[in-house]
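From a predicted model like this one, the values you see are computed outputs, not experimental measurements.
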Amino acid sequence: DQALATISQAMILADTDDTILVSNGVYGVGAQIVVDKAVTLLSVGGAAQTTVQRTSGSSRIFHINHAEAVLDGFAVTQGEAPLDDLRGAGILLSDGTVRNCVITGNVSERATRGAGIYMVDGVLTNSVISGNQTKSNRGAGVYMAGGVMAGCKIIENGSASYRATYGAGVCLESGSLAVDCLIAGNLGTASTFHRGGGVYVDGGTLLRSRVVSNAVAGISSSGGGIFM
């Protein structure tokens with residue numbers, strides 16, 4: 001075993017099937033942490049005790065990009081989608097698993113899809129996605145181009161724009177599945193129109209989930225809870 005100062009250093013040195021244990025604390029990043037190996041990043045004290053946040057630059061926090069990669073038990077905050085890839089200010093999940101995380105306070109001033117998390121594929125489970133904000137486009141909390149989200153709480157995310165926006169809480173595209181989730185208190189506002197304060201469904205599937213107390217505001221806006 002070896003103690004290292006940063007998560008990025010640990011990722012560089014990790015071998016296949018390693019578990020990287022991260023002690024309690026707040027870890028600042030100035031560039032995204034890329035998890036592209038079959039490793040597990042596991043916090044010792046869980047998301048209440050272990051935070052990874054952007055402290056400089058313009059960068060998302062994590063890019064998870066391996067089918068056997070696992071991110072477990074972190075608070076992920078203050079991320080910002082990079083200018084060259086406006087997918088996910090907090091996390092870009094291309095493949096792998098994110099579980100037991102709190103994804104909160106990630107903000108984008110640009111046309112980001114998924115200010116909290118953007119899912120290309122993979123699994124998001126038992127996590128809270130809250131208080132993420134985007135100025136435009138789709139899915140302030142979660143944008144799902146694919147993958148599965150199960151047992152999550154998507155609460156009090158918001159999108160506000162001078163143009164059309166879709167799905168302040170969750171945007172579900174074709175091939176994606178959200179199941180057993182709570183989607184509550186999300187707000188979408190637009191000077192033109194907003195579709196789906198809680199959920200915007202554009203070919204994806206929503207099952208066994210509670211969608212409550214979401215709202216939309218703007219000219220010709222519709223679907224405070226769900227727009228399909």
Side-chain angles (χ1 to χ4, degrees), residues 1-57 59-81 88-107 114-119 122-133 140-142 147-157 169 178 180-185:
D1 295 342
Q2 182 178 4
L4 297 168
T6 70
I7 298 172
S8 294
Q9 286 177 327
M11 276 303 309
I12 291 170
L13 295 176
D15 291 323
T16 297
D17 296 328
D18 277 356
T19 295
I20 300 170
L21 293 176
V22 182
S23 298
N24 297 352
V26 178
Y27 297 84
V29 298
Q32 72 175 354
I33 298 169
V34 179
V35 184
D36 57 359
K37 302 176 182 178
V39 301
T40 296
L41 274 175
L42 175 65
S43 70
V44 173
Q49 302 294 329
T50 314
T51 298
V52 184
Q53 66 181 37
R54 178 178 63 88
T55 53
S56 63
S59 174
R60 73 171 63 90
I61 308 300
F62 285 103
H63 181 192
I64 313 299
N65 190 25
H66 193 287
E68 297 178 48
V70 178
L71 182 71
D72 190 340
F74 292 86
V76 178
T77 188
Q78 298 182 22
E80 185 174 348
I91 298 174
L92 172 59
L93 179 57
S94 295
D95 208 347
T97 299
V98 174
R99 64 192 182 209
N100 306 317
C101 288
V102 176
I103 304 166
T104 185
N106 300 284
V107 179
I117 181 169
Y118 183 111
M119 297 179 63
V123 177
L124 171 65
T125 185
N126 196 36
S127 295
V128 177
I129 302 92
S130 68
N132 302 285
Q133 302 286 328
V142 183
V148 176
M149 176 171 65
C152 293
K153 296 179 180 178
I154 304 93
I155 53 177
E156 297 181 354
N157 301 281
D180 296 330
C181 293
L182 171 64
I183 302 165

Holding to side chain to side chain donor-acceptor pair (under 3.5 Å), I want the full list of residues that pass it with [X], two or more places apart in sequence or in another chain.
X	result
Ser43	none
Asp36	none
Gln32	Arg60
His66	none

Work out which heavy atom in [X] is nearest to a heavy atom in [Y]; give both atom names and the distance.
X	Y	answer
Ile61	Arg54	CD1-N, 3.4 Å
Val35	Met11	CA-CE, 3.8 Å
Ala75	Ala47	CB-O, 3.6 Å

Please set out all donor-acceptor pairs under 3.5 angstrom arising from side-chain atoms of residues 90-106, sequence neighbours excluded.
unit_1 : atom_1 : unit_2 : atom_2 : d
Ser94  : OG     : His63  : NE2    : 2.8
Arg99  : NE     : Asp72  : OD2    : 2.8
Arg99  : NH2    : Asp72  : OD2    : 3.4
Asn100 : OD1    : Asn126 : ND2    : 2.5
Asn100 : ND2    : Asp72  : OD1    : 2.9
Thr104 : OG1    : Ser130 : O      : 2.8
Thr104 : OG1    : Ser130 : OG     : 3.4
Asn106 : OD1    : Gln78  : N      : 3.2
Asn106 : OD1    : Gly79  : N      : 2.7
Asn106 : ND2    : Val76  : O      : 3.2
Asn106 : ND2    : Thr104 : O      : 3.4
Asn106 : ND2    : Asn132 : OD1    : 3.0

If I take atom [atom1] from residue [X] and atom [atom2] from residue [Y], how far apart are they, to the nearest 0.5 angstrom?
X	Y	atom1	atom2	result
Ile129	Met149	CD1	CE	6.0 Å
Asp18	Leu13	CG	CG	10.0 Å
Met119	Leu124	CE	CG	5.5 Å
Phe74	Ile7	CZ	CD1	5.0 Å
Thr40	Ile20	OG1	CD1	8.5 Å

Which residues share a salt bridge (Lys or Arg N to Asp or Glu O under 4.0 Å) with Asp180, sequence neighbours left out: Arg208
Residue pair Asn24, Val44: steps toward the side-chain contact (heavy atoms from CB on, under 4.5 Å) verdict: CA-CA 6 Å; Asn24 297 352; Val44 173; 4.2 Å; yes
Flag if over 12 foreign heavy atoms under 6.0 Å of NZ, Lys37: yes
Note, Val29 side chain near Ser59 side chain (heavy atom, < 4.5 Å): no
